Structures are given as structure tokens and as C-alpha cells.
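Ligands are counted one by one from 1 in listed order, and the atoms in each one are counted from 1 as well. No hydrogens, no waters, no symmetry mates; every other heavy atom, side chains included, goes into these values. Because the structure is predicted, anything quoted here is derived from the model rather than measured.
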Amino acid sequence: MRDVSIGIDIGTTAVTTAVVERMADGTIAVRGIGRAPSAGLRRGMIVDVDATAQSIRRSVLEASKASGATIRAAVVGIGGTHLGSFTTRGAVAVTRTDGEITEQDATRALAAAEGFISKNPNREIVHVIPREFRVDGQGGVMDPVGLVGMKLEVEALVIDGARPALQNIVKACELAGIEVRDWVANVVAASSVLLNDQQRELGAMLLDLGAGTTDFAIFEEGRLLDAGVIPIGGTHITADIAIGLRTNIAAAEQIKLRYASALPDPRATRRDTIALGDFVRGDSSVFAVRDLVDIIGARLTDVFELATKAMKRVGRAGLLPGGIVLVGGAASIPAIQELARRELRLPVETATELSIEGMPLDAPTEFAVSIGLALWEGRGLRFAPRHANRFGSIWEGIKRVLRTFVP
Ligand SMILES: Nc1ncnc2c1ncn2[C@@H]1O[C@H](COP(=O)(O)OP(=O)(O)OP(=O)(O)O)[C@@H](O)[C@H]1O
Ligand SMILES: [Mg+2]
């Protein structure tokens, strides 16, 4: 039987589906991708479940045709400004009498850390990711299995989300005929195929500039220090242009795609103009390209300020020698690297290819999230406590509610 896994990225502009296959020799191949315009989302959050389910269905159908695979279940990405993160800690006594730490001890320590999280009925845990283990007080341990000690402690990063937002994702997938195998924060999935080991080791930040939001993940010494969502994306830039140039959203989007730049072109003059009549029939207004660039630069500067704040929160502002990696639709704005370098005071590059453990994957970076999600299956997080019935129970809950309302 073929070892195929599926990832679905429910984005604000598009739902993308990736089908990846693990070959017997250990290589990985992207077998098919699907992309359908998304409906029913705002800022990465579902506001119309039926419309989103329709988009998922289309995207999955396309990926299924392209790959020849039947798609009934998938790993699904989580985005949106409802995602949050915080730190938790847990400790256990090592079980074996000879003191050798086992995989189970690590899992128990993580479960203990999860147990310390105060219960909130409106929030649901997405990840509990170990940042560091301590063996008898000795810190800096990434993999404690096989070490000898009496007490095992763990510090972990918790990523959680609003329960209704997560329920809507599961519901939209179920309506589209897809069972949710697991869920993963979009940016965590993307970073697994966009950052290389060296960047993760030295310290680096991934910034995914999407339509509704900009997602970030910060790594150092191979660990995920923090991940989160900045509530600004490409649609905000478009809205700013519409207001600044007093035009409609559709025209503003076209103007952005044609003339956008993060910084003024040094060769440009005040005489370089945009005639709105090219985009809106009968509109005779003319604007300087410089003004458009100022509008875009201002919004992007806001994004980079919030990215700096995120780095400060973990004490790493300007201290990530692996640099910043940009990806996402809005990362194709010309001169964005220069602006980012200036604002973030770090080396900046735009992701151009996907790879996993040095193995290049043949697909455009716009599929980074869906491919990262697909590769998550069967790999996931080491030591992660299992939540076998989590998705089932959420769906049961929804069905119960539906039953109450549907005669
Ligand atoms: N060449 C370009 N110049 C400027 N902006 C662009 C360009 N290409 C795409 N964009 C913008 O990128 C955004 C779409 O990016 P992307 O496809 O990464 O979003 P998404 O994944 O659907 O959204 P999200 O991740 O926020 O849910 C849109 O706002 C679009 O206008
Ligand atoms: Mg996206």
C-alpha cells in the first residue's frame, strides 16, 4: 500500500491541499496539489462554515485528481488571531530503578506540564511543545531519553486557540467529507519545510505574510521559542490603498499587484503616476506612485514592529543570526527584504524552495503550509501526549448541539 498523507491549509484567499508520498527508500514526493479560492473566512477565521466547506471540497477534489489518491482524512492547519501561546512546566520522578530515562518518562513529564495549564472552557490546546528538559536540575537537554537521573522536568510552549474557531474548522472539514486526523498551527507546519536545521539552530524567525494575518515562528538551538499571529495581512494593505486612493477594493488590489513596493524606487520621480482610469472606468484621478509606496511601507512597518515585539517577548530582538525568512503572498512585494532588514535589524531572505531535512521538494512555496501539514502525519511531535478522541469529541459536541436545533 502507498504511504500517502494529506495536508489542508484553510487560508483567507485560498484553500490548498497537498498529497505527499513517503517512498520505501525514505524519500518524499509531492504527488498532487489543489488550490481553490476560499470563501467564508475573515482574518484566517471561519465565519461561514458552509462556504468554507465548499472551498475545501473543491481544493481536495483538485488534489485528488492530480494525485490519483482518495482523500478521506487530513492534517488540518490552524491560523487566525485567536491563537495564543504561553509557557508551562511539569516534573516527574524517573520510573526505572536504574534511573535511565525512558520515552514514557518524557511523555509523562509533558502530560504533567499540560496538567498544570488552568482549564478554560473557551480555549483548546493545539500544541504542547517541549522547549527544554532538565535532569536533576541540569538544564539545556533537548532529548532526555537514555540519560540517567532521578527527577525529570520539562518547560514547554503551549499554543492554544479559541474553542469555537477550532470547532468550526473541524465542522467545515467534516461537512466537506474530510476527517481531521490532527491539527497543527499553520506556521509550525510551514517552518518544518521552510527553515533549515542551521537556521533553527542559530536562531531564526519565519514570517508568513498572508492575506488576513502574518504568522511568525521563532527558533533557537533547534527549539521553537514562540509562535503566533500578527493581525495584519495583505488585505489590510489593499484596504489602506482603497482609502488612500479613494477607490474600490477590487481596483486597490489590482493597483497593489501592479505597482506595489515596500520602499520608493530611487530612480523614480514625483512624475511617476498611477491613472485610476486604468482600473476604474470613468475615474480621472491620478496619484503619485510615491504616495502608494508610502501607504504600503507604513503598513509593512507596522507588521515588522509587531514582529520585533514578538522577538522581544522571548528576549531575542536583533539576536537571531539565522535571520528572518519571509514567505506568503505579501512577501512578493518588491523591496520588502530591504524594508524588513532595516526594521528588524537582521539578515532577511525570501523563501524560494521547500525542503525537509535537506531534501528538496518540488512545489512552490505557496504550498509550504499544506505540505508541512501533510508531512506532520506520522511524525508529529516527539513525546506529545496523545489525545485520541479530541476531534471525535468536538464533532460529537457539535452534532449534539445541531440535534438540539434541528427537528
Ligand atoms: N505580487 C504581489 N504583490 C503584493 N501583494 C501580493 C502579491 N501576490 C499576492 N499578494 C497578496 O498576498 C495575499 C495572499 O497571500 P497568501 O496566499 O499567502 O494568503 P492566505 O494564505 O490565503 O491568507 P492567510 O494565511 O492570511 O489566511 C493577498 O493579500 C494578496 O493581495
Ligand atoms: Mg496562509
In the protein, which heavy atom is nearest to atom 22 (O) of ligand 1, and how far is it?
Thr13 OG1, 2.4 Å

Looking at ligand 1, is there an atom of it that comes within less than 4.0 Å of some heavy atom belonging to Ala330?
yes

So is Asp9 polar-close to ligand 1, meaning N/O to N/O under 3.5 Å?
no

Can you give me the closest heavy-atom contact between Leu320 and Leu346, atom names plus distance?
O-CD2, 3.4 Å

What protein heavy atom lies closest to atom 16 (P) of ligand 1? Include the residue and the distance to one decimal.
Gly329 N, 3.7 Å

Residue, atom and distance of the protein heavy atom nearest atom 5 (N) of ligand 1 read Lys256 CE, 3.6 Å

Does a sphere of radius 6.0 Å around CZ in Phe86 hold more than 12 heavy atoms from other residues, nucleotides or ligands, not counting ones at 6.0 Å or beyond?
yes

Among all protein non-hydrogen atoms, which one is nearest to atom 4 (C) of ligand 1, and what is the separation to 0.1 Å?
Ile333 CG1, 3.3 Å

When you check the side-chain N and O atoms of Ser285 and Arg246, is any donor under 3.5 Å from an acceptor?
no

With a 4.0 Å cut-off, would you call Glu366 and Arg35 a salt bridge?
yes

Quick one: does Gly233 get within less than 4.0 Å of ligand 1, heavy atoms only?
no

Is any side-chain N of the basic residue among Glu174 and Lys171 closer than 4.0 Å to the acidic one's carboxylate O?
no

Considering only non-hydrogen protein atoms, determine which one is nearest to atom 25 (O) of ligand 1 and report residue, atom name and distance to 0.1 Å.
Gly210 CA, 3.9 Å

Between Thr238 and ligand 1, is there a nitrogen or oxygen pair with a distance under 3.5 Å?
no

Could you tell me the residue and atom name of the protein heavy atom closest to atom 28 (C) of ligand 1, and the distance to it rounded to 0.1 Å?
Ala211 CB, 3.9 Å

Positive for side-chain contact (heavy atoms from CB on, under 4.5 Å) with Ile71, one of Ile178, Val4, Leu61
Ile178

Which residue holds the protein heavy atom closest to atom 21 (O) of ligand 1, what is that atom called, and what is the gap in Å?
Gly11 CA, 4.2 Å

